[in-house]
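From a predicted model like this one, the values you see are computed outputs, not experimental measurements. Order of the sequence lines fixes the chain letters, A, B, ..., with proteins taken first and strands second; residue numbering starts at 1 for each chain.
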Protein chains: 2
Amino acid sequence: MAKKFEQYCPVAHALELVGERWSLLIVRELLKGPKRYTDLADALPRIGTNVLAARLKELEACEVVVKRRLPPPTPAQVYELTPYGVALRPVVRELARWGLHSLPAPTEEDNLVPGWLPDAMETFFAPVAPDGSFEFRIGDELAALVDGEVVAGSVEDPDVLLEASPAAFYYLFVERRWDGVDVEGNRELLEQLLDAAAPVEDPLVV
Amino acid sequence: MAKKFEQYCPVAHALELVGERWSLLIVRELLKGPKRYTDLADALPRIGTNVLAARLKELEACEVVVKRRLPPPTPAQVYELTPYGVALRPVVRELARWGLHSLPAPTEEDNLVPGWLPDAMETFFAPVAPDGSFEFRIGDELAALVDGEVVAGSVEDPDVLLEASPAAFYYLFVERRWDGVDVEGNRELLEQLLDAAAPVEDPLVV
DNA sequence: CCGCATCCCCAAAGATACTG
DNA sequence: CAGTATCTTTGGGGATGCGG
């Protein structure tokens, strides 16, 4: 936590708090909700237990994370973001939007994390979604978006029903290629959603 | 550049490209414009020349930065962001907005970098500024904002003229305390600008 | 000078084993 | 389950060297 950069600059300061390796990935995990130590270790495959412990202590020290003990029914302790930690969501979101541009399409070997689809919808679509209801079925994941709100399960009679493999979904989203994509309902509304999220040219034209 | 995180995740991928120590600070520097090697080294006090060289190579490899040779008048080579590198601006901006909340007020010893004020206006005010013209005189820095555009020098007959020390400006901006702040002109417009940038409660209520 | 490459030293990361 | 302890290896920080 010592001043590594020796600059009076909010960016340098932020990076002193959450710029270490793994820190922002821990935050990304905890943005999905409180998690136990072992669950964090499982979600961050190669982290190494000592590093995880160290990072969590640092994040506690700068009040990004708090350790909390759950009430007796299941007396486990969980790590949880503070409000200041939750405020990192825009940072993580912009990193995701930027990173997606140079991320190759998912292959069969890429083991996508369960729950990635609602997470992705929250990150990419929810902030910019037009009114309307969308249901996405990607691989074995299912998620929906209703008037800008992500809902976990299915939705009745959605305006748009999209079905695709993860790879086809990637190409649709990143390159606007419709091969392998099944759309039922209001396709224009879907295009409107894609254009709003618009990672196809948007960030590169800043 | 090897896969350190072994996850198919845009955030992890982004951090593999620009998550190393110093990388985002180099980007922050280059967002102000192309810079020579030595100028970068000067702007990043404790970086160490080997690390700077290594980071620049990595950033070149992932097409965030390009090395360019200036034409004969001054035959120097400069480093410059690619469009993909410039697309990191939202990431740096959100980091700055987040970091500011736990950054203490500047003291006398904090040697602010020349040009910090237009930079700060670009980061915090320009994206959200209402129409109107503002001139800020903070310490020995001077910058203005006209209809959301930052202009380096002075502006004639601004709607708002603000004068303060760096510390007073900090307290005004972060905690909305007006001690030591001189305002001439449309104070309501200034409050509107501050509320739009609003780091006082905005990110903490996300 | 400017733009690095090399060398040395130490701090931190990775891997594994072990404990309350 | 939630870490600590230990060991090895990688990488950063700082100084110096060196060609253009």
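When the C1' atom of D/dG3 is taken as reference, atom CD1 of A/I26 falls 14 Å away, rounded to whole Å. If you take CZ of B/R36 and C1' of D/dG20, they are 15 Å apart, rounded to a whole angstrom. Between the P atom of C/dG14 and the CD1 atom of A/I47 lies a distance of 8 Å, rounded to the nearest Å. Atom CZ of A/R69 and atom P of D/dG3 are 9 Å apart (whole Å). Atom P of nucleotide D/dG14 and atom CH2 of B/W22 are separated by 8 Å, given to the nearest angstrom. Following rounding to the nearest Å, A/Q77 (CD) and D/dC1 (P) show an atom-to-atom distance of 12 Å. Rounded to an integer number of Å, the gap from B/D39 CG to C/dC1 P is 14 Å. Atom CG of B/N50 is separated from atom P of D/dG17 by 16 Å (rounded to the nearest Å).
Here the side chain of A/S165 pairs no donor or acceptor atom with the backbone of A/G139 at under 3.5 angstrom.
Ranking C/dG14, C/dA13, D/dG11 by closeness to the A/E20 side chain, first place goes to C/dA13. Considering only the side chain of A/T49, D/dA5 comes nearest among C/dA5, D/dA5, D/dG12. Across D/dA2, D/dG11, D/dT4, the shortest atom-to-atom separation from the side chain of A/K57 is found for D/dT4.
OP1 or OP2 of C/dC2 has not a single side-chain nitrogen or oxygen of B/K35 nearer than 4.0 Å. Taking 4.0 angstrom as the limit, A/K67 places a side-chain polar atom (N or O) nearer than this to OP1 or OP2 of D/dG3. Between C/dA5 and B/Y37, no contact under 4.0 Å exists linking OP1 or OP2 to a side-chain N or O. Within the structure, a side-chain polar atom (N or O) of B/R46 is placed less than 4.0 Å from OP1 or OP2 of D/dG14. Residue B/R21 places at least one side-chain N or O closer than 4.0 Å to OP1 or OP2 of D/dG13.
Within 6.0 Å of CD in B/E63 there are 12 or fewer heavy atoms belonging to other residues, nucleotides or ligands.
By the 4.0 Å N-to-carboxylate-O rule, B/K32 lies too far from B/E122 to be salt-bridged with it.
Residue A/T38 is classed as a sugar-phosphate contact, given heavy-atom separations below 4.0 Å to backbone atoms only. At the heavy-atom level, B/L52 lies nowhere under 4.0 Å from the strands shown.
For the pair A/V11/B/T123, no side-chain contact is recorded, criterion being any heavy-atom separation below 4.5 Å from C-beta on. Side-chain contact between B/I138 and B/L162 is present, with at least one heavy-atom pair separated by less than 4.5 Å.
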